[in-house]
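Working notes, structure below.
Each chain gets a letter, A, B and so on, in the order the sequences are listed, and its residues count up from 1. This structure is a prediction, so every number in the text was calculated from the model and none was measured.
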Number of protein chains: 2
Amino acid sequence: MTRGKSTYEHLRDRLISGEFYPGQRMKYEDLRADYGISISSVRETLFRLSAVGLVDFLEQRGFRVPHETEALRHDLAQSRILLETEGACLSIRYGGVGWEARLNAAHHELKHIESRVSSASGNSQDLVPLWSAAELKFHRTLIEECRSEVLKQLHLQVYYRFRQQLISHDKNFGFITTNVEQHQGILEAALLHDEALTRERIHQHLSRHLIQLPPQTDSNE
Amino acid sequence: MTRGKSTYEHLRDRLISGEFYPGQRMKYEDLRADYGISISSVRETLFRLSAVGLVDFLEQRGFRVPHETEALRHDLAQSRILLETEGACLSIRYGGVGWEARLNAAHHELKHIESRVSSASGNSQDLVPLWSAAELKFHRTLIEECRSEVLKQLHLQVYYRFRQQLISHDKNFGFITTNVEQHQGILEAALLHDEALTRERIHQHLSRHLIQLPPQTDSNE
DNA sequence: TTTGATAAAAATTTCGAAATTATCTATATT
DNA sequence: AATATAGATAATTTCGAAATTTTTATCAAA
């Protein structure tokens, strides 16, 4: 693996685990020191990350961690609902028993980690990366058989940005334990091949982050 | 504007206008000569373009123009239908008369250029950039009032990739003149505030590129 | 003729610094 | 005290080349 790729992946994981605060400047010099690479390579990595929205690029003013806003969280939740409900329904349609088995396995793993987090009161900090990987795995498996690489790519982007927003919003990871029944519900609906119910359950899972947008008027009227 | 940004935009427009053939290598040295910039800057620009899927990046093997395949065209069409129908319906819900006016204007412009292309038999080559910009403008205006920046970003990405695939597939730009009634139909449905009809018309507009996927079996069963 | 090893060429990755631009600080002015 | 200006500092942008890897070309052996 090239230095560029491993740097990209490592920094991506730091960004979605809330290591940096919203609005923080990503200084070239700091990252150069962190990874022992040159300024050009740092810049290159940041451009890759800005492409998926994990950092913002401002001309002549470098890169920053996106601000945490209610509106963006709503927007990302809404977009994830659109992509994930569609992907899940297509998976239900096209996926076979192999898919069902993998989804079951992914859920089992996730459930196990979620219960460990629940019992480990307080010091569940170091379980977060494990949970993070398991949750991503479950939701990716859910749409795995949709037969659309583009849809899966878009979903991954939105998932990462949403995760980053959530962690910026709640540094205590309170959102981990509140999803246990919801994941269960999604699994059940999918295994029943009930597309409408699956849509509903995914919607429920994310609806907590939706807000009532102010009735903004069209400025050109 | 920085050199980096203008290079990005220029190269992007070359990529979606079919100047390069599918699978072509994007050699650093060639682009360095084209734009009078350094290798590092070329690489940076290509990373930005790969982020939106306009070039493919292969580790240790540089960047290439994506191959033209029926499956990808289908995938992109399907994804565009999902994003554009959703965005259009939300625009219908939230957009006011100002939006309707802008949509009308964008369509009028597009119609005008399409008629010029139709009459100019043969040498309509130089009208393509104009048409390209007008078509993008129309479809972007259609979803403009959806109140989701994320949805608009995703749509733009998919739109660019779809355009690139179409031009790779049909170098003679035959697809330009076949869409006149369809654009008209979308406009009418949107102005009627008929969400279901708008969805249907957008679907029709892109359905030509959908294929019957082979009934692929789940490999793990 | 085909296969495989080796050398030469070309391309990619990474670097470190120069040039440019933004940001900060101290000072002067209203 | 608040605002504006100028110089100093820090950060970003861009460059050109060295180091590494892949690709191509050459030639010997099966």
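- Where Arg3(B) and Ile39(B) each meet DNA chain D at their nearest nucleotide, the meeting point lying more 5' is that of Arg3(B).
- Contact check, Ser40(B) against dG16(D): no side-chain N or O comes under 4.0 Å of OP1 or OP2.
- Between Tyr28(B) and Arg43(B), the side chains place a donor N or O and an acceptor N or O closer than 3.5 Å (distance only, hydrogens not considered).
- Judged by distance alone, the side chains of His209(B) and Gln165(B) never bring a donor and an acceptor atom under 3.5 Å apart.
- Of all heavy-atom pairs spanning Leu54(A) and Pro66(A), the tightest one is O-CD, 3.2 Å.
- Residues of residues 50-67 of chain B having a heavy atom closer than 4.0 Å to DNA chain D, listed by number: Gln60(B), Arg61(B).
- Between the side chains of Arg12(B) and Tyr8(B), not a single donor N or O lies within less than 3.5 Å of an accepting N or O.
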For the pair Lys152(B) and Glu149(B), evaluate salt bridge (Lys or Arg N to Asp or Glu O under 4.0 Å) and give the outcome as yes or no after the intermediate values.
-> CA-CA 5 Å; Lys152(B) 286 195 269 186; Glu149(B) 289 309 310; 3.4 Å; yes

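- For the pair Lys5(B) NZ and dT14(D) P, the computed distance is 12 Å after rounding to whole Å.
- Within residues 25-34 of chain A, the residues having any heavy atom under 4.0 Å from DNA chain D are, by residue number, Arg25(A), Lys27(A), Tyr28(A).
- Between the side chains of Ser38(A) and Arg32(A), not a single donor N or O lies within less than 3.5 Å of an accepting N or O.
- No donor-acceptor contact under 3.5 angstrom links the side chains of His74(A) and Glu70(A), judged on distance only.
- Nucleotide dG16(C) holds its P atom 18 Å from the CZ atom of Arg43(A), rounded to whole Å.
- Checking His205(A), His107(A), His155(A) one by one against His139(A), the ring-ring contact (aromatic ring centres under 6.0 Å, His included) holds for a single residue, His205(A).
- We find that CD of Glu44(A) is positioned 12 Å from C1' of dC15(C), with the value rounded to whole Å.
- Nucleic acid contact class of Ile37(B) (heavy atoms, under 4.0 Å, all strands): sugar-phosphate only.
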